[in-house]
Amino acid sequence: MNLFVRGFFRGAALFSIFVLFSVWSLFIGPADNVRVFLYYGFIAFFLGCGSVIYHVPNWSPLKRIITYYMATLVTVFPVLLVLTYDAARFTTDAAEAFITFNMLQLLAPSITYSVSAILKIYGGKYV
């Protein structure tokens, strides 16, 4: 199975979990929770699709990290802006969301690299 298909199925699996949360929330809670769960589902979908970037053969780790950052900047960051949109405070919210996004982007590659190194040491295979 090629990387594109694997990424799509990873993203779709994560998205379907949040859709189930959204439907469940529709029956037991306020409608605002439904919207939030769907936005989180889109974020999870894009992150799941982008996770296969780390499995591209013949790419250096730096190229993988930069490519993943750019992919998430184009896909996840706009969803974060829509999720935190408030007309009265949009400029401060956008700056805050960008700072938070970049802080998470510094943590994600280091955690992913650490986990993959541990799996490689103990003979684990990538999922």
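Side chains included, hydrogens not; waters and symmetry mates left out as well; all remaining heavy atoms used.
Atom CD1 of Ile65 is separated from atom OH of Tyr69 by 13.0 Å, given to the nearest 0.5 angstrom. Considering OG1 of Thr75 and CG of Leu80, their distance stands at 9.5 Å, rounded to 0.5 Å. Distance CG/Leu62 to OG1/Thr67: 9.0 Å, rounded to 0.5 Å.
Cluster annotation: Ile17 is not connected to Leu20 through the hydrophobic network of ILVMFWY side chains, with a link wherever side-chain heavy atoms come within less than 4.5 Å. Under the 4.5 Å side-chain heavy-atom criterion for ILVMFWY residues, a single connected hydrophobic cluster contains both Tyr54 and Val56. Val19 and Phe8 end up in the same hydrophobic cluster when Ile, Leu, Val, Met, Phe, Trp and Tyr side chains are linked at under 4.5 Å. Linking Ile, Leu, Val, Met, Phe, Trp and Tyr whenever their side-chain heavy atoms come within less than 4.5 Å puts Leu38 and Val36 in one cluster.
For Leu14, the side-chain contact (heavy atoms from CB on, under 4.5 Å) partners two or more places apart in sequence, or in a different chain, are Ala44. For the side chain to side chain donor-acceptor pair (under 3.5 Å) test, residues two or more places apart in sequence or in another chain that qualify with Thr72 are Gln105. Qualifying ring pair (Phe, Tyr, Trp, His ring centres under 6.0 Å) partners for Phe98, counting only residues two or more places apart in sequence or in other chains: Phe77. A search for ring pair (Phe, Tyr, Trp, His ring centres under 6.0 Å) contacts involving Phe46 returns nothing, not counting sequence neighbours.
At least one side-chain heavy atom of Ile53 sits under 4.5 Å from a side-chain heavy atom of Trp59. Within the 4.5 Å cutoff, the side chain of Leu73 has heavy atoms near those of the Phe101 side chain. Tyr68 places a side-chain heavy atom less than 4.5 Å from the side chain of Leu47.
Within the structure, the side-chain hydrogen bond (donor to acceptor under 3.5 Å, both in side chains) test picks out the following pairs touching residues 34-51 (sequence neighbours left out): Arg10-Ser51.
In this structure, the side chain of Ser25 does not engage the main chain of Phe21 through any donor-acceptor pair within 3.5 Å. Checking side-chain atoms of Ser22 against main-chain N and O of Phe18 turns up no donor-acceptor pair under 3.5 Å.
Grouping Ile, Leu, Val, Met, Phe, Trp and Tyr residues whose side-chain heavy atoms lie under 4.5 Å apart, directly or via other members, places Met103 in a hydrophobic cluster with Ile99.
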